[in-house]
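Just below is one structure, and these are the notes that go with it.
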2 protein chains.
Amino acid sequence: MSENKHSGNLSPEFALLGFLISGQSHGYDLHQKFTTELGHVWHLSQSQAYAILKRLETRGDISAHIVEQEKLPARQMLRITAQGRKRFFEWLELGIGTNARSIRLEFLTRLFFAQLHRPESISQIYKSQTDEIKSSIVKLETLVEHLPPEQIYNRLSLDLRLQQLRLIQNWMAEIRTQFHISRI
Amino acid sequence: MSENKHSGNLSPEFALLGFLISGQSHGYDLHQKFTTELGHVWHLSQSQAYAILKRLETRGDISAHIVEQEKLPARQMLRITAQGRKRFFEWLELGIGTNARSIRLEFLTRLFFAQLHRPESISQIYKSQTDEIKSSIVKLETLVEHLPPEQIYNRLSLDLRLQQLRLIQNWMAEIRTQFHISRI
DNA sequence: CATATATACTCATTGGGTGAGTATATAGCC
DNA sequence: GGCTATATACTCACCCAATGAGTATATATG
């Protein structure tokens with residue numbers, strides 16, 4: 001029913017994985033990259049970044065090995081594993097969110113990494129996102145239609161969500177032209 | 001910087017408190033009420049409702065006493081305390097969110113309970129919300145202005161957030177006429 | 001007579017998120 | 001020389017959000 005339901009893939013973890021596709025790195029650097037490149041898309045505190053990386057490691061999506069440094073504290077060098085790579089590209093091409101927030105966050109992140117690692121599948125990714133939006137607009141429209149008229153707060157909420165989705169459609173159309181994404 | 005920062009007041013806990021203003025009740029019933037009245041504003045699972053109520057109790061915002069029933073399981077009858085009442089009305093008149101999601105969620109919830117418990121302060125609540133939106137639009141606009149042109153994903157993100165805030169302004173203007181809220 | 005639905009609540013687990021702390025190095029400033 | 005700020009690199013303790021499943025009983029419906 002609602003967007004609070006977290007689908008499990010709305011999280012910066014795939015972004016961290018995405019940065020590791022380009023080569024090994026460590027927590028501090030990944031957080032830096034994240035902040036400068038996607039800092040206004042979503043926020044990730046340093047401690048959160050480390051927590052997510054720890055989780056990715058226990059799951060086997062990345063592997064860590066310590067690199068001593070002469071003066072500064074030791075680094076945990078992180079590499080993406082085959083499994084992590086697999087999960088990342090699955091997310092890149094399959095993962096879709098349906099609410100305004102997750103679209104802004106996830107779609108932009110996906111676009112960013114698709115540009116980097118899979119430019120050839122951008123139009124596919126774009127299409128599945130717009131399709132998802134269209135279908136969730138339809139769902140919402142029928143929901144609103146059948147809503148008892150006395151439920152004014154529920155109606156106001158659904159109305160706004162609908163308008164937000166339509167706004168996102170326009171915003172995405174803009175992106176299509178900006179990125180020269182072909183229609184399929 | 002970002003909206004992920006949870007301000008601590010984006011939570012259905014005040015809604016539960018709000019239902020208890022009208023009189024004592026118990027977890028099951030509160031969750032029912034919540035779902036039928038605000039179920040499309042935000043989602044609250046049963047177990048979440050119980051978890052929040054537990055927290056409110058340990059904080060001293062509500063008090064519980066067990067009422068045995070002949071056949072069905074015992075109820076935990078819940079009453080709002082003086083402290084809880086105070087916290088609720090503070091939230092009602094002071095709490096404001098600044099991102100699209102929290103506005104939809106929190107503002108509608110506040111409006112709902114203000115209608116019920118404090119109709120005379122609706123225009124004040126409305127005004128502080130619209131003021132907040134206006135100022136966060138200004139903030140975003142200057143942010144976008146000074147954003148280095150190469151940060152295209154950050155720009156797209158901020159652009160969408162700006163457009164969403166403007167959409168919310170229109171949506172709120174609609175609410176003003178619907179609820180006959182006077183300008184102050 | 002079986003099954004679904006309503007009543008009423010509990011528990012274990014995962015994940016999101018903050019804020020502060022630890023420790024060292026270097027660069028700039030007065 | 002001494003002070004402070006900033007950068008590097010990571011850890012820890014804590015709290016809140018959220019799900020999903022489980023427990024147990026009663027009543028209504030086919």
Side-chain angles (χ1 to χ4, degrees), chain A residues 1-16 24-36 39 42-59 61-62 64-78 99 101-102 105-106, chain B residues 1-16 24-36 39 42-59 61-62 64-78 99 101-102 105-106:
Chain A
M1 180 51 40
S2 159
E3 71 218 297
N4 265 20
K5 207 187 307 179
H6 78 196
S7 49
N9 55 1
L10 187 147
S11 139
E13 70 180 72
F14 289 103
L16 293 173
Q24 62 173 358
S25 183
H26 55 103
Y28 187 89
D29 179 56
L30 288 170
H31 176 251
Q32 295 275 98
K33 272 186 190 143
F34 189 103
T35 304
T36 55
W42 52 17
H43 171 76
L44 182 68
S45 73
Q46 211 193 19
S47 46
Q48 248 305 85
Y50 281 107
I52 291 167
L53 291 170
K54 191 69 71 185
R55 190 167 72 239
L56 289 172
E57 199 196 336
T58 55
R59 266 201 206 142
D61 291 335
I62 61 179
H65 42 114
I66 289 155
V67 177
E68 298 291 341
Q69 296 188 109
E70 272 179 54
K71 308 196 171 169
L72 286 165
R75 280 174 178 166
Q76 292 245 92
M77 264 315 209
L78 305 171
N99 64 69
R101 182 196 158 82
S102 94
L105 272 54
E106 288 234 56
Chain B
M1 180 52 34
S2 159
E3 72 218 297
N4 265 19
K5 208 185 309 179
H6 79 195
S7 49
N9 56 2
L10 188 147
S11 140
E13 69 181 72
F14 290 104
L16 293 172
Q24 62 172 358
S25 182
H26 55 103
Y28 186 89
D29 178 55
L30 288 170
H31 177 251
Q32 294 275 96
K33 271 186 191 143
F34 189 103
T35 304
T36 55
W42 51 17
H43 172 75
L44 181 68
S45 72
Q46 210 194 20
S47 45
Q48 248 305 85
Y50 280 107
I52 290 167
L53 291 170
K54 191 70 70 184
R55 190 166 73 238
L56 289 173
E57 199 197 334
T58 55
R59 267 202 206 141
D61 291 336
I62 61 179
H65 41 115
I66 289 154
V67 177
E68 299 290 342
Q69 296 187 108
E70 272 180 54
K71 308 196 170 168
L72 285 166
R75 280 175 178 167
Q76 292 245 93
M77 264 317 209
L78 306 171
N99 63 69
R101 183 197 158 82
S102 93
L105 272 55
E106 287 234 57

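Chain identifiers are assigned alphabetically (A, B, ...) following the order of the sequence lines, protein sequences preceding nucleic acid strands; residue numbering begins at 1 within each chain.
- If you take CD of A:E57 and C1' of D:dT11, they are 14 Å apart, rounded to a whole angstrom.
- In this structure, B:I62 CD1 and B:L16 CG are separated by 8.0 Å, a value rounded to the nearest 0.5 Å.
- Considering only side-chain N and O atoms, B:Y50 lies nowhere under 4.0 angstrom from the phosphate OP1 or OP2 of C:dT10.
- The side chain of B:R59 contributes an N or O atom lying less than 4.0 Å from OP1 or OP2 of D:dC16.
- Atom CH2 in B:W42 sits about 14 Å away from atom P in D:dT19, given to the nearest Å.
- Taking the side chain of B:K54 as heavy atoms from C-beta on, and the options C:dT10, D:dC10, C:dG15, the nearest nucleotide is C:dT10.
- One atom, CD of A:Q48, and another, C1' of C:dA20, lie 15 Å apart when rounded to the nearest Å.
- Taking the side chain as every heavy atom from C-beta outward, B:L78 and B:L56 never approach each other to under 4.5 Å.
- Nearest to the side-chain atoms of B:S47 among the listed nucleotides D:dA17, D:dG20, D:dT11 stands D:dG20.
- Taking atom CZ of B:R75 as the reference point, atom P of D:dT25 lies 18 Å away to the nearest angstrom.
- Between A:Q32 and the phosphate of D:dT8, there is a side-chain N or O to OP1/OP2 separation shorter than 4.0 Å.
- For D:dC10, the OP1/OP2 oxygens have no side-chain nitrogen or oxygen of A:Y28 closer than 4.0 Å.
- With rounding to whole Å, B:L53 atom CG is found 9 Å from C:dC9 atom P.
- When the P atom of C:dA8 is taken as reference, atom CD of B:Q24 falls 13 Å away, rounded to whole Å.
- The side chain of B:H43 places no N or O atom within less than 4.0 Å of a non-bridging phosphate oxygen (OP1 or OP2) of D:dA18.
- Between B:R55 and D:dA18 there is no side-chain polar atom (N or O) within less than 4.0 angstrom of OP1 or OP2.
- Across all strands, A:Q46 comes closer than 4.0 Å to base atoms (heavy-atom distances).
- Going from atom CG of B:L30 over to atom P of C:dC9 covers 9 Å, rounded to whole Å.
- At whole-Å resolution of the value, CD in A:E13 and C1' in C:dG16 are 11 Å apart.
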